[in-house]
Structures are given as structure tokens and as C-alpha cells.
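First comes the structure, then the notes that go with it.
What you see is a predicted model, and the numbers here were worked out from it, not measured in a lab. Each chain gets a letter, A, B and so on, in the order the sequences are listed, and its residues count up from 1.
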There are 2 protein chains.
Amino acid sequence: MPRKTDSASPPEQAAPATRSTRQRRALVAELSASDGFRSAQDLHHALRQQGESVGLATIYRALQAMVDSGELDTVKADGNEAVYRLCSQAHHHHLVCRQCGRTVEVSGPAVERWASKVAEEHGFTEVDHTLELFGVCQACQSAG
Amino acid sequence: MPRKTDSASPPEQAAPATRSTRQRRALVAELSASDGFRSAQDLHHALRQQGESVGLATIYRALQAMVDSGELDTVKADGNEAVYRLCSQAHHHHLVCRQCGRTVEVSGPAVERWASKVAEEHGFTEVDHTLELFGVCQACQSAG
DNA sequence: TACGGTAGTGAGAACGATTCTCATTATTGC
DNA sequence: GCAATAATGAGAATCGTTCTCACTACCGTA
């Protein structure tokens, strides 16, 4: 690959350069506008509805790229559908409303510690974990 | 262990009677013979290999029935494949080896408490949670 | 402003896990 | 043994997601 002649750039500026396209901007805007998790199909529909012409494959690619870069979080919903949401990059978990999808980010240092300890006790290394809380939020309790 | 007879079943419609068929017996045998989680497809292959003629649909149905009755646990693996395993009925979590699938059941009272507390703080009710630990077991570390 | 390398795009095909259909078969209570 | 009916199985159908590949548009540079 031809070396980029970029003089005054920091060493880590070997930017893979994610280009800013109309489609990605629209996707981010849509994600920004919603509180809870959204599915790829759902986002696709929403954008089409707004007159944005975006291919489904593009949605999936953009979402995947953003997940990889840590810009958004993904959870596998009840079915087999993955849902996405803009997120803070710090490690955290989610408390998701089963009915309306409203989501609260929570962090649990105690859980992290417990996880490492348990794993260590059993001789496991490179430990990772998934933890999601599901419930019914106050609004839905009142409404229900 | 005291079998918990589900009090929810109406008296007039007696036992839903899950019949003991050759296929289900083979499936349970196969599950009993393995330590870690197995996928439906995997189990199907294994049984075929042994000369047991079993349909894939049957595998899925039997697995689903057993999950419903609490006889086995299921986790969605990295991909989109669900994996199953015979399990104790008490609430617990899993520490799964990413490479060989070997699984250890672990329980974390601290986590349960933390989950309820967090949920309550945010006004959520009917809270449930999923928690799985993934890592590399000692055997695989040595082998790797 | 024009140019060109290349990341990004999109329609539709491909994929893979799971579920459904429905005629056939096997289990169980009697 | 018999009848009622739960269970089975082959293949089609679903459904979310990924892949293919020719085409397009972004962006640094000339």
C-alpha cells in the first residue's frame, strides 16, 4: 500500500478513513433521535419513510462498523434480531424496558470484580461477559 | 429433589403427557454425554452419525420443549446459533470456554442483589437478567 | 477545478438457523 | 388389541443477516 505523505500528522493518523456519506449521516441522525434500541430493519424502514434512499446492506455495514469502533452498542433481542443504540464508550450494561425499549445505562464495578474472580477461580483467562437487565419501566407500569 | 408440579395446570385437562419416544431418548442421551453446550445442528449430526434417524425439526421441537420445562438451558452463542445444555434448575450463570465449549455453572448472589437494586433505583419492575461469562479454559490455554 | 484511487453503495442472490405444514407413525391409557 | 392423539420428518417457508459485484461519490492532491 502506498505510504501516505502526511507530514504534520500524529503517528496514529494511519486513519482507515471512514468517509462521511449521505447515508451514514442519515443513519446517525436517526439513531440520535431515539432513546432506545433500534433494529437494522427498523432503521431502514424509518429512513426510507423519510425519503432517504438507503440500501439495507449499507445499514448493516454502517452499523457493524460503528459497533467495531465502539460508537454503538448492540444487544440480541428476544427473537433473533440484533438491536443497536448510540452509547458511551465506557464499559457499562443496560437496563432495558421490555415494553417500550427505553434504556438506561448502568455500570456495576461489583459485577466486573465478581466476574474476574469467578473466572480466575476456575482457571479461565481472557474473560469477557455479557450482562443485560430487562424489566418494565415506570411509565409502562402506569400505562399498563 | 422435590419435583415441582406446576399448580397452573387445570385439573380437568390432565397431564400434557410428553411421550417418551426413541428420538427424545436418544437426544437426552447425547446431551447427557457432553459437558458443554451443543447446538441443535450439532446434535442432529451426532445422532445421525450414530445411526439414529432423527429429523432436524424434531430436534428443535424437543429442545424447545425441554427449555420450556426447565430441563435445559440455552444461550445464544457468538453467531446466531443457539446452544443447549442439561442443567440444574436452580438459578445460575455460565462460564463458557470460547474454544472447546466446556462449561462451568456458577452462581452469584452478589450479582442478583446488584441487579435488583439497580432496577429498583430506576423504577423498573419484573426484572430479569442474562449474564454469561466467556473465556478460555485451562486445557485450551495449554493446548493453544 | 479536475483527477483518480478507493471506500462506500445497492439490488438481489445467497446463507444459515429456525419454524411451519401436513400426511404418516408410534405411544399410551384402556 | 384399539383408538385417540402426540410426535415425527421431509421439505418448503421465514427471516435476519451477509455476500457479490458493478457502479458511485468522497476527498486528498495536482
Euclidean distance, atom [atom1] of residue [X] to atom [atom2] of [N] [Å, nearest integer]:
X        : N       : atom1 : atom2 : answer
Arg24(B) : dG9(D)  : CZ    : C1'   : 13 Å
Ile59(A) : dC19(D) : CD1   : P     : 17 Å
Asp42(A) : dT17(D) : CG    : C1'   : 16 Å

Sorted by chain and residue number, the side-chain contact (heavy atoms from CB on, under 4.5 Å) partners of Gln99(A) (sequence neighbours excluded) come out as Cys97(A), Val136(A), Cys140(A)
If you group Ile, Leu, Val, Met, Phe, Trp and Tyr by side-chain heavy-atom gaps below 4.5 Å, do Leu86(B) and Leu47(B) land in one group?
yes
In this structure, would Leu72(B) and Leu27(B) fall into the same cluster of hydrophobic residues linked by side-chain contacts under 4.5 Å?
yes
Scan residues 65-112 of chain B for pairs that pass ring-ring contact (aromatic ring centres under 6.0 Å, His included), counting only residues two or more places apart or in two chains.
Phe37(B)-His94(B), His91(B)-His93(B), His91(B)-His129(B), His92(B)-His94(B), His93(B)-His129(B)
Pairs under 3.5 angstrom, nitrogen or oxygen only, protein versus nucleotides 26-30 of chain C, please.
| residue | atom | partner | partner atom | Å |
| --- | --- | --- | --- | --- |
| dT27(C) | O2 | Arg19(B) | NH1 | 3.2 |
| dT28(C) | OP1 | Ser20(B) | N | 3.3 |

Phosphate OP1/OP2 of dA7(D) contacted by Thr58(B) side-chain N/O (<4.0 Å):
no
List every contact pair, protein side and nucleotides 18-22 of chain C side both N or O, where the distance is under 3.5 Å.
| residue | atom | partner | partner atom | Å |
| --- | --- | --- | --- | --- |
| dT18(C) | OP1 | Ala82(B) | N | 2.8 |
| dT18(C) | OP2 | Tyr60(B) | OH | 2.5 |
| dT18(C) | O5' | Tyr60(B) | OH | 3.4 |

Verify the distance criterion only: is there a donor paired with an acceptor across the side chains of Ser39(B) and Gln41(B) at less than 3.5 Å?
no
side-chain hydrogen bond (donor to acceptor under 3.5 Å, both in side chains) contacts in which one or both residues fall within residues 46-56 of chain B, not counting sequence neighbours:
Arg22(B)-Glu52(B), Glu30(B)-Gln50(B)
Main-chain N/O of Leu31(B) paired to Arg38(B) side chain as donor or acceptor, under 3.5 Å:
no
Under 3.5 Å: donor-acceptor pair, side chain of His44(A), backbone of Ile59(A)
no
Using a cut-off of strictly less than 4.0 Å between a heavy atom of the residue and any atom of DNA chain C, enumerate the qualifying residues of residues 43-55 of chain A by number.
Arg48(A), Ser53(A), Val54(A), Gly55(A)
With a 6.0 Å cut-off (strictly less than), is the heavy-atom count around CG of Asp35(B), excluding the residue itself, greater than 12?
no
Under 4.0 Å between a side-chain nitrogen and a carboxylate oxygen: does that hold for Glu132(A) and Lys76(A)?
no
